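Numbering starts at 1 and runs along the sequence shown. If you're wondering where the values come from, they're calculated on a predicted model, not measured in any experiment.
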Amino acid sequence: MVSRADRGPLSEWLWTVDHYLLAAFMLLMIGGVVLSFAASPPVAERLGVESFFFVKKQATFLLPSMAVMLGLSLMTPRLIRRAALFLLIGALVLLVATLFVGFEVKGGRRWIDLGITTLQPSEFLKPAFIVIVAFLLSESGRRREVPGALLSALLFAISSALLIAQPDFGQTMLMGLAFGALFFINGMPWAVIIVLAVLGVVGMGSAYLFLPHVTSRINRFLDPESGDTFQVDTAREAFLSGGWFGKGPGEGVVKRILPDSHTDFVFSVVAEEFGIIVCMLLVAVFAFIILRGLRNAARDQDAFARLATSGLVVLFGLQAMINLMVNLNLVPAKGMTLPFISYGGSSTISTAITAGFILALTRRKPQPKHSESVIISRVSPSSLMQPGIR
């Protein structure tokens, strides 16, 4: 046991970290590996590799992800800002490199081959971008001479341009929504928010007009007869097949023909094998993280911590929501992973970074002792002028 009297870094972390948030993140991490046993073997068999190939890789990323999350959660807000800055610079450099040395998958050049694994730089850009924008906006509120909004907009423009060049419209939209949420939470004037909303609509309209894959996906969503909708139709069939209680672990049939059952459509596999009730419990875990994270942010007196926590939680929640809505065919199909649940090394490590940042920023801040506050309140300005008081 660790005593409260122990003032070491580990002891301080243990008594100040949000244990409920930590437990929820750990539950999702472990759940991702467990659910990969159901979702990934059919894909491995279709690709001609060993049945548990993706399960083993997902398990391999589990320990590093936990280490990253716990390591970052030990940091102070100042160290979080520095780590985010280095991560942002590295991600931007890698995004530029991806355009030249990256390899193409399904029409997008988003990955760099490192030999032993692949890396998707855009995943690491997201949490770093949110923390740095939160810092810029908080600094502009503290010091009027700092053009936080302008610098944030410039950073978003650079990041979006690199993402669209890949192209990766989904990550651009996700970052844009989180970016707009930060401005809203920061109390920006409605005129600025309306301008940002108009720019967002113009951006989405331009993507529809000038990016063929975006046009195709939206058209297929609006008119299923206009193209191939096999994956979303199969995902919907998996939900109907599973019912309330599911077919049982390993008994799913529809998942065997679902192309991305281990990544974008893992939620459909959960529905078929474990049922809608388990799906609702999984959604409840995500909802708990979002609500508790926003509650902690609202109680924080530090502007940077409040903004950064809110932005990171919104980013985490939006990514989960988009994935779930795609599985339910409520929005056009998009390659967005379900945090910690979908297979993917870059996605898992990136989400661990997001979780680590959230845990670090929501740690309880030291409060002045009650006795000290009572003594201070009893000392009036007039008493300070009396002889003998220095």
Side-chain angles (χ1 to χ4, degrees), residues 39 43 104-110 122 126 156 160-161 163-181 184 193-243 254-255 257-272 276 279-280 282-283 286-287 314-339 341-342 344 347:
V43 179
E104 187 173 322
V105 177
K106 297 182 179 180
R109 191 180 293 273
R110 305 167 191 168
S122 60
K126 295 182 294 184
F156 176 69
S160 299
L163 289 173
I164 292 174
Q166 292 186 341
D168 193 344
F169 183 72
Q171 298 284 21
T172 307
M173 181 180 67
L174 177 61
M175 281 183 50
L177 291 171
F179 177 69
F184 181 80
I193 295 174
I194 292 173
V195 169
L196 290 175
V198 170
L199 290 175
V201 172
V202 171
M204 288 188 287
S206 301
Y208 177 77
L209 293 174
F210 300 111
L211 297 177
H213 71 286
V214 175
T215 306
S216 174
R217 288 183 176 181
I218 294 177
N219 287 343
R220 280 180 289 168
F221 175 74
L222 297 175
D223 180 16
E225 301 297 327
S226 65
D228 179 22
T229 58
F230 173 78
Q231 187 139 248
V232 292
D233 292 339
T234 307
R236 185 168 60 248
E237 186 180 344
F239 277 92
L240 297 174
S241 174
V254 178
K255 70 175 186 180
I257 59 174
L258 188 59
D260 293 328
S261 61
H262 63 317
T263 53
D264 302 343
F265 289 89
V266 66
F267 191 62
S268 300
V269 177
V270 175
E272 183 182 20
I276 294 176
C279 288
M280 293 171 65
L282 182 60
V283 172
F286 283 106
V314 167
L315 179 73
F316 180 88
L318 283 174
Q319 181 167 333
M321 184 182 71
I322 291 172
N323 177 276
L324 298 176
M325 293 178 74
V326 167
N327 275 257
L328 296 169
N329 198 25
L330 297 177
V331 295
K334 177 65 198 80
M336 194 76 67
T337 57
L338 187 59
I341 303 299
S342 297
S347 174

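- Proximity of L222 to I218: side-chain heavy atoms (C-beta onward) are separated by under 4.5 Å at one or more points.
- Looking at heavy atoms from C-beta onward, S347 lies in side-chain contact with Q319 at the 4.5 angstrom threshold.
- Between P339 and F286, the closest heavy-atom pair is O-CZ, 3.6 Å.
- With rounding to the nearest 0.5 angstrom, the OG1 atom of T234 is 6.0 Å from the CG atom of L258.
- Considering all non-hydrogen atoms of both residues, D168 and Q166 come closest at CB-OE1, 3.6 Å.
- Looking only at side-chain heavy atoms (C-beta outward), L338 and N327 stay at 4.5 Å or farther from each other.
- Residues F230 and P259 approach most closely at CE2-CD, 3.9 Å, considering heavy atoms.
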Inset, instruction - Apply the test side chain to side chain contact (heavy atoms under 4.5 Å, CB included) to residues L282 and I341: give CA-CA distance (whole Å), side-chain angles for both, the deciding distance (0.1 Å), then the verdict. - result: CA-CA 10 Å; L282 182 60; I341 303 299; 4.2 Å; yes
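- The main-chain N or O of Y208 is found under 3.5 Å from a side-chain atom of T215 such that the two form a donor-acceptor pair.
- Under the 4.5 Å side-chain criterion, counting only non-hydrogen atoms from C-beta, F239 is in contact with L328.
- Ring-plane geometry between F179 and F156 is classed as parallel, the angle between the planes falling under 30 degrees on a 0 to 90 degree scale with a further cut at 60.
- The local environment of CE in M325 is crowded, with over 12 non-hydrogen atoms from other residues, nucleotides or ligands closer than 6.0 Å.
- At least one side-chain heavy atom of V283 sits less than 4.5 Å from a side-chain heavy atom of L324.
- Across M336 and Q171, no two heavy atoms sit closer than the pair SD-OE1, 4.1 Å.
- L163 is listed as a side-chain neighbour of M175, based on a closest heavy-atom distance under 4.5 Å.
- Residue E272 holds its CD atom at 9.0 Å from OG of S268, rounded to the nearest 0.5 Å.
- At a threshold of 4.5 Å between non-hydrogen side-chain atoms, the residues M204 and F169 count as touching.
- Formation of a donor-acceptor pair under 3.5 Å by the E237 side chain with backbone atoms of V254 is not found in this model.
- Not a single donor-acceptor pair under 3.5 Å links the side chain of D264 to the backbone N or O of N323.
- The minimum heavy-atom distance linking V269 with A39 is given by the pair CG1-CA, 3.8 Å.
- Contact check for M173 versus L177: side-chain heavy atoms found under the 4.5 Å cut-off.
- In this structure, V326 and P332 approach most closely via the heavy-atom pair CG2-O, 3.5 Å.
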